[in-house]
There are 2 protein chains.
Amino acid sequence: MAQHGPRTRRQILRAALKRFANGGYAATSVQQIVDDAKVSKPALYYYFRDKAGLFQALVSEAHDERLQVVQQAAARGRDFRGQLVEILAALFDYFHQNRELTRIAFATAFAAPGEVPPDLLYLDRCQRNLEFIRSLIKRAQADGELGDRFDSRDLAYGFYGQAHLYIAAHLLMPDYRLNRRAAERIVDLFLTGAGAKKKRG
Amino acid sequence: MAQHGPRTRRQILRAALKRFANGGYAATSVQQIVDDAKVSKPALYYYFRDKAGLFQALVSEAHDERLQVVQQAAARGRDFRGQLVEILAALFDYFHQNRELTRIAFATAFAAPGEVPPDLLYLDRCQRNLEFIRSLIKRAQADGELGDRFDSRDLAYGFYGQAHLYIAAHLLMPDYRLNRRAAERIVDLFLTGAGAKKKRG
DNA sequence: CCATAAACCTACCGAACGGTAGGTAACAAA
DNA sequence: TTTGTTACCTACCGTTCGGTAGGTTTATGG
């Protein structure tokens, strides 16, 4: 039995993904994971240092993958609006195909500090994503594609916030479709505003 | 010792608030809470049916309070923009003064289903808040204060999404100030858009 | 054919968990 | 003075937790 090592590891990761996504970190026991993966507990501890190590392996992978998805999507966009649409559509598609990983990413981002194994990388990686968006915005402002009425930080927050509330809503209400048309609507709302008829001042 | 009942109950709730906010539900033990509150474990089980009951009492209270804050703020606004600014400023102020409750509210909203005691009221109450915002938007559209280029649902999501990302950011980075000026900036960004100079089509 | 290492296994550990049995002190009503 | 109720207490229950000690099987290199 010394040949199917990586397969066992993948089975453990897959079972852990399902359990952590549906039960959270603290409420999921190692026993449940190894039962699902049909391996023994020492098999898990052979591949991962401890429960926290298993979890971190899972989350790190998810964050890196997400950043890659965003960057590749941005590269596909011709102009600024196109970039935003591509990013949003890619994120929607990614999250649609990786619901459980998404669930974990959100849960850890908003979880209480002590709930999840302490790892400063989470915040770093979230901020790196935001900074990437912001850099796109700065460039668009420099190129004149985007006005400079608003600070690039506010704009990045605004866009990213809208995007993630939609994704969160998709988590809570799976029937709400997040496709390319939705992405275009959201980008336009962000770029041109809700459409207020001025009435004050 | 048959007179200071309510005080004990409050002490338990206060200790539970701190613990649940910093450690999450599953990772917080009943023992920690009663130690902090300087009461015995049966005292806790005298006032609350079980651990889940204690948690639900805490969260229900938080959600109701938040809805009240939003509704009162909306009543203060003269026009639509004023309503949005009041709502946002009130939310920022509330969250600033109730960081721990906020932390719990976010964590439960985004938590895995099995992490937190099952209670369908969470989703209901979140949606009720969103529906209230949407009703304001619908009215503004009917009154002509707001264009009808976008669906009221999209607008409600957009506005609420921006608001909550700021609040989430405030949780993660406490030094980022959320005051009335920030509220006005965010509302204007929502209403008039990022300011795209059209370049395509 | 044997030694070594990888890849696990069964069986179990001490600690911590949520929750409770059973008793008690303090006041209220009778 | 008794009785009942409220508001707890100490001590402990059975279960489950994360983690490990120590043995076993399988492939491989010499």
Side-chain angles (χ1 to χ4, degrees), chain A residues 1-59 104 108 111-119, chain B residues 1-59 104 108 111-119:
Chain A
M1 253 188 229
Q3 67 274 30
H4 56 300
R7 203 182 53 159
T8 299
R9 197 188 132 98
R10 274 204 312 275
Q11 274 175 359
I12 293 172
L13 279 170
R14 222 159 56 95
L17 170 61
K18 268 206 155 56
R19 281 290 179 181
F20 282 141
N22 291 343
Y25 176 77
T28 295
S29 74
V30 175
Q31 192 63 55
Q32 291 173 331
I33 294 171
V34 298
D35 285 351
D36 289 359
K38 288 175 189 358
V39 300
S40 70
K41 223 192 299 191
L44 188 149
Y45 281 90
Y46 178 80
Y47 286 104
F48 304 96
R49 204 159 62 86
D50 53 13
K51 188 189 177 186
L54 167 60
F55 184 76
Q56 282 167 10
L58 218 54
V59 174
I104 292 177
T108 56
E115 176 108 54
V116 119
D119 186 344
Chain B
M1 250 190 234
Q3 66 272 32
H4 58 297
R7 201 183 57 159
T8 299
R9 197 189 130 99
R10 274 204 313 275
Q11 275 175 0
I12 293 171
L13 279 170
R14 222 161 56 96
L17 171 62
K18 270 207 153 55
R19 281 289 180 181
F20 283 140
N22 291 341
Y25 177 76
T28 294
S29 75
V30 175
Q31 193 64 55
Q32 291 173 330
I33 293 171
V34 299
D35 285 351
D36 288 0
K38 288 179 190 355
V39 299
S40 70
K41 222 191 301 192
L44 187 149
Y45 282 92
Y46 178 80
Y47 287 104
F48 304 96
R49 205 161 63 85
D50 53 14
K51 188 188 177 187
L54 167 61
F55 184 77
Q56 282 166 10
L58 217 56
V59 174
I104 291 177
T108 56
E115 175 108 56
V116 119
D119 187 344

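Chain letters run A, B, ... following the sequence lines, proteins first and then strands; every chain starts at 1. Please read all numbers here as calculations on a predicted model, not as lab measurements.
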Output for pair (B:Ile12 CD1, B:Leu17 CG), nearest 0.5 Å, gives 13.5 Å
Grab the CG-P distance between B:Leu44 and D:dC9 for me, whole Å please. 11 Å
For the pair made of CD1 in A:Ile33 and C1' in D:dG19, what is the distance, rounded to whole Å? 14 Å
Evaluate the side-chain proximity of A:Val116 to A:Val59: yes if any heavy-atom separation is below 4.5 Å, no if none is. no
For B:Arg9 and D:dC8, give me the distance from atom CZ to atom P, rounded to whole Å. 12 Å
Output the rounded distance in Å from CZ (A:Arg10) to C1' (C:dA7). 16 Å
Treating A:Lys51 as the side-chain partner and A:Thr28 as the backbone partner, does any N or O pair qualify as donor plus acceptor under 3.5 Å? yes
Short side-chain to backbone donor-acceptor contact, B:Tyr47 and B:Arg10, under 3.5 Å: no
Rounding to a whole Å, what distance do you find between B:Leu54:CG and C:dG19:P? 10 Å
Is the backbone of A:Ala112 close enough, under 3.5 Å, to the side chain of A:Glu115 for a donor and an acceptor to pair up by distance? no
Do the side chains of B:Lys18 and B:Asp36 get close enough for a salt bridge, i.e. N-O under 4.0 angstrom? no
What's the closest nucleotide to the B:Tyr45 side chain, out of D:dG19, C:dT20, D:dC9? C:dT20
So, is A:Tyr47 close to the C:dC8 phosphate, meaning a side-chain N or O under 4.0 Å from OP1 or OP2? yes
B:Tyr46 OH to C:dA21 C1', straight-line distance once rounded to whole Å: 17 Å
Specify the separation, in whole Å, of atom NZ of A:Lys38 and atom C1' of C:dC9. 17 Å
Which atom names give the shortest non-hydrogen contact between B:Ala27 and B:Gln32, and what distance separates them? O-OE1, 4.0 Å
Within the pair A:Thr8 and C:dC8, is there a side-chain N or O less than 4.0 Å away from OP1 or OP2? yes
Which whole-number value in Å describes the distance from A:Phe48 CZ to D:dT20 P? 16 Å
Might you list the N or O atoms of the protein lying below 3.5 Å from N or O atoms in nucleotides 10-17 of chain D, with each pair's distance?
from	atom 1	to	atom 2	distance (Å)
D:dC17	OP1	A:Ser29	OG	3.4

